[in-house]
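Below is one structure, written out as structure tokens; comments come after it.
Residue numbers count from 1 along this sequence. Both backbone and side-chain heavy atoms feed into the values below; hydrogens, waters and symmetry mates do not.
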Amino acid sequence: MIGQLDTVSGAHFAFTDRWGGVSAVPYEELNLGGAVGDDPDAVRTNRELAAKSLGLDPGLVVWMNQVHGADVAVVEEPWGDSDIPSVDALVTARRGLALAVLTADCTPVLLADPVAGIAGAAHAGRPGMVAGVVPAAVRAMVELGADPARIVARTGPAVCGRCYEVPAEMRADVAAVEPAAHAETSWGTPRST
């Protein structure tokens, strides 16, 4: 169930894989996404299983409604019965809260200043990356007291530029912001046919 667990100076980073959950086909097994059509009870159970496998109280895992932007929410406590905000990054200064980010082909970016006890999680897809979601998360962490020189980051599984076609115009737009994002498929095309 846990794809990778890493601890750096007291900050814990984890990524899950898709195995060990209860979702039926086509979501099988550990689907954590509540907006893809899976049975809500299965998603709730999967989220509990994932949290418990990491030694976390499921009630202290904070989720977001990701929208491919650069908005950041500062989290002081679990949402409870409040509406979950539509943002692409969460930051907190409250130790013990786990910040969750969901991805398919986008990149999950987990951040922490272990000394200050400030953590962040960002959903960095192409639109969010172009809009600056990770720098926005870092700025929000700094406003809470993080020192940029101490921030450590981990990125999780994401789509491979050698395996995923996009339209040439989209690639050009992203590469204009971040030249390192320019990629071609292994068969030499930038776009879908």
Side-chain angles (χ1 to χ4, degrees), residues 1-23 26-36 38 42-70 72-73 75 78-79 84-85 87-114 117-129 133-138 140-141 146 150-164 178 180-181 183:
M1 184 177 305
I2 301 170
Q4 176 183 348
L5 180 60
D6 187 18
T7 300
V8 178
S9 302
H12 306 286
F13 302 91
F15 301 98
T16 61
D17 58 28
R18 67 181 291 174
W19 310 116
V22 301
S23 291
Y27 307 101
E28 60 186 298
E29 295 175 12
L30 188 69
N31 172 45
L32 303 174
V36 294
D38 197 357
V43 173
R44 190 171 19 267
T45 298
N46 288 339
R47 288 180 176 188
E48 289 174 5
L49 289 168
K52 288 177 181 176
S53 76
L54 293 165
L56 300 171
D57 175 345
L60 295 178
V61 179
V62 181
W63 302 86
M64 58 184 138
N65 288 326
Q66 299 162 189
V67 293
H68 292 282
V72 180
V75 182
W79 305 126
I84 297 173
V87 297
D88 284 280
L90 300 170
V91 298
T92 190
R94 181 174 164 192
R95 292 181 187 268
L97 282 184
L99 306 179
V101 57
L102 299 170
T103 63
D105 56 345
C106 299
T107 303
V109 181
L110 306 179
L111 306 153
D113 174 344
I118 312 286
H123 169 245
R126 284 180 305 274
M129 192 270 299
V133 68
V134 174
V138 169
M141 290 174 67
R150 292 190 309 244
I151 293 176
V152 292
R154 295 292 183 267
T155 58
V159 71
C160 164
R162 305 280 298 157
C163 308
Y164 190 76
E178 178 51 62

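At a threshold of 4.5 Å between non-hydrogen side-chain atoms, the residues H68 and C106 count as touching. When side chains are defined from C-beta on, N31 counts as touching V36, because their heavy atoms get closer than 4.5 Å. Looking at W63 and L102, their side chains come closer than 4.5 Å, going by heavy atoms from C-beta outward. Put simply, the side chain of V67 reaches to within 4.5 Å of the side chain of D88, judged on heavy atoms. Contact check for M64 versus V101: side-chain heavy atoms found under the 4.5 Å cut-off.
Proximity of a side-chain donor or acceptor of E29 to a complementary backbone N or O of G20 within less than 3.5 Å is detected.
The minimum heavy-atom distance between A158 and T107, with the atom names listed, is CB-OG1, 3.3 Å. In this structure, Y164 and R126 approach most closely via the heavy-atom pair CE2-NH1, 3.4 Å. Counting all heavy atoms, side chain and backbone alike, V72 lies closest to A140 at CG1-CB, 3.8 Å. Shown here for V134 and A122, the closest heavy-atom pair between the two residues is CG2-CB, 4.2 Å. When all heavy atoms of I151 and A146 are compared, the pair lying nearest together is CD1-CB, 4.2 Å. Closest of all the heavy-atom pairs between G21 and L49 is CA-CD1, 4.2 Å.
Scored by the salt bridge (charged side-chain N to carboxylate O under 4.0 Å, His left out) test, R94 finds no partners at all (sequence neighbours excluded). C163 meets the side-chain contact (heavy atoms from CB on, under 4.5 Å) test with C160; sequence neighbours excluded. Residues satisfying the side-chain contact (heavy atoms from CB on, under 4.5 Å) test with V152, not counting sequence neighbours, are V8, F13, A112, P114. The side-chain contact (heavy atoms from CB on, under 4.5 Å) search around A42 returns V22, S23, D38, D39, not counting sequence neighbours.
For the atom pair OG1 of T16 and CG of L30, the computed distance is 5.5 Å after rounding to the nearest 0.5 Å. Between Q66 atom CD and L90 atom CG the span is 8.0 Å, to the nearest 0.5 Å. For the atom pair CG of L111 and OG1 of T155, the computed distance is 10.0 Å after rounding to the nearest 0.5 Å.
The stretch residues 95-114 participates, sequence neighbours left out, in these salt bridge (charged side-chain N to carboxylate O under 4.0 Å, His left out) pairs: D113-R150. The salt bridge (charged side-chain N to carboxylate O under 4.0 Å, His left out) pairs that include a residue from residues 47-60 number zero, where partners must be two or more places apart or lie in different chains.
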Side chain to side chain contact (heavy atoms under 4.5 Å, CB included) evaluation trace for T92 with V62: CA-CA 10 Å; T92 190; V62 181; over 6 Å; no
